[in-house]
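Have a look at the structure below before the remarks.
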Amino acid sequence: MSNSNYKYQSVLFIDDDPITLMLCKKVIEKTQFSLHVDTLTNGKDALKYLNEIYEKGSKIYPDLIFLDLNMPVMDGWEFLDALSKTNLYDSNLNIIILSSTIDPKDIEKAKNYSIVKNFISKPITSENLLRISK
């Protein structure tokens, strides 16, 4: 299978739920949405990961990040706030919030971050990915 069949080269999922992460990987693989998938369980680890890639160029920078809002250590909002204070915020980052919340306030709050491109309710589905691909 050629790499050109994939919509994205690399995506990153930031979510503390291992079942959600497993499901996301399966759906990504099934739909050929991304060639490479990385997963992290909180915003703090994600910031460290993104900074290392940015500074060292050791891995492919994610084309798209799926971000949960409710996580321990550093939640999604804290991650977005911390990210906005770095050089990474001005890069070509695209973030999709993938959350179990359906609070309209969260959806509105997400619009305050220019790198947040969409807000999707869990679970991720092939239909959601198809909409993102368009």
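Residue indices begin at 1 and follow the sequence shown. All values below were derived from every heavy atom in this structure, side-chain atoms included, with hydrogens, water molecules and symmetry-related copies excluded.
- The minimum heavy-atom distance linking Tyr61 with Leu50 is given by the pair CE1-O, 3.7 Å.
- Side-chain atoms of Glu78 come within 3.5 Å of backbone atoms of Asp75 as a donor-acceptor pair (strictly under, hydrogens ignored).
- Between Lys109 and Asp103 there is no salt bridge, since no side-chain N of the basic residue sits under 4.0 Å from a carboxylate O of the acidic one.
- Residues Val116 and Leu80 meet the side-chain proximity criterion, which asks for heavy atoms closer than 4.5 Å.
- For Lys30, there are no salt bridge (charged side-chain N to carboxylate O under 4.0 Å, His left out) partners, not counting sequence neighbours.
- Residues Trp77 and Tyr113 have side chains in contact (heavy-atom distance under 4.5 Å, counting atoms from C-beta outward).
- Closest heavy-atom contact between Met71 and Asn42: SD-CA, 3.9 Å.
- Across every non-hydrogen atom of Ser99 and Asn70, the tightest pair is OG-ND2, 4.3 Å.
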Step-by-step side chain to side chain contact (heavy atoms under 4.5 Å, CB included) determination, Tyr49 to Asn51: CA-CA 6 Å; Tyr49 172 86; Asn51 274 315; over 6 Å; no
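- In this structure, CG in Leu40 is found 6.0 Å from CG in Asp45, a value given to the nearest 0.5 Å.
- We find that Lys7 and Asp63 are not joined by a salt bridge, their nearest charged nitrogen and carboxylate oxygen being 4.0 Å or further apart.
- The shortest heavy-atom contact between Thr20 and Asp15 is CG2-OD2, 3.4 Å.
- Between Leu47 and Phe79, the closest side-chain pair of non-hydrogen atoms falls below 4.5 Å.
- For the pair Cys24/Leu98, a side-chain contact is recorded, criterion being any heavy-atom separation below 4.5 Å from C-beta on.
- Between Pro18 and Asp16, the shortest heavy-atom contact is CD-O, 3.3 Å.
- With a 4.5 Å cut-off on side-chain heavy atoms, Leu129 and Ile28 count as touching.
- Residues Phe119 and Asp106 are in side-chain contact: their nearest non-hydrogen atoms beyond the backbone lie under 4.5 Å apart.
- Rounding to the nearest 0.5 Å gives a distance of 3.5 Å between CD1 of Ile115 and CD1 of Ile95.
- To the nearest 0.5 Å, atoms OH (Tyr6) and NE2 (His36) are separated by 12.5 Å.
- When all heavy atoms are compared, the tightest approach of Ile124 to Phe66 is CD1-CE2, 3.8 Å.
- In this structure, CG in Leu83 is found 10.0 Å from CE in Met74, a value given to the nearest 0.5 Å.
- With a 4.5 Å cut-off on side-chain heavy atoms, Leu93 and Ile65 count as touching.
- A distance of 9.5 Å separates CG of Asp17 from CE of Met22, quoted to the nearest 0.5 Å.
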Worked check of salt bridge (Lys or Arg N to Asp or Glu O under 4.0 Å) between Lys111 and Glu108: CA-CA 5 Å; Lys111 293 177 183 176; Glu108 281 304 308; 3.0 Å; yes
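- Cluster annotation: Val73 is not connected to Ile14 through the hydrophobic network of ILVMFWY side chains, with a link wherever side-chain heavy atoms come within less than 4.5 Å.
- Remark: side-chain polar atoms of Ser34 are not paired, donor with acceptor, to backbone N or O of Val37 under 3.5 angstrom.
- A distance below 6.0 Å separates the ring centres of Tyr8 and Phe33.
- Distance CG/Leu69 to NZ/Lys122: 8.5 Å, rounded to 0.5 Å.
- Applying the 6.0 Å contact sphere to NZ of Lys44 captures no more than 12 heavy atoms from other residues, nucleotides or ligands.
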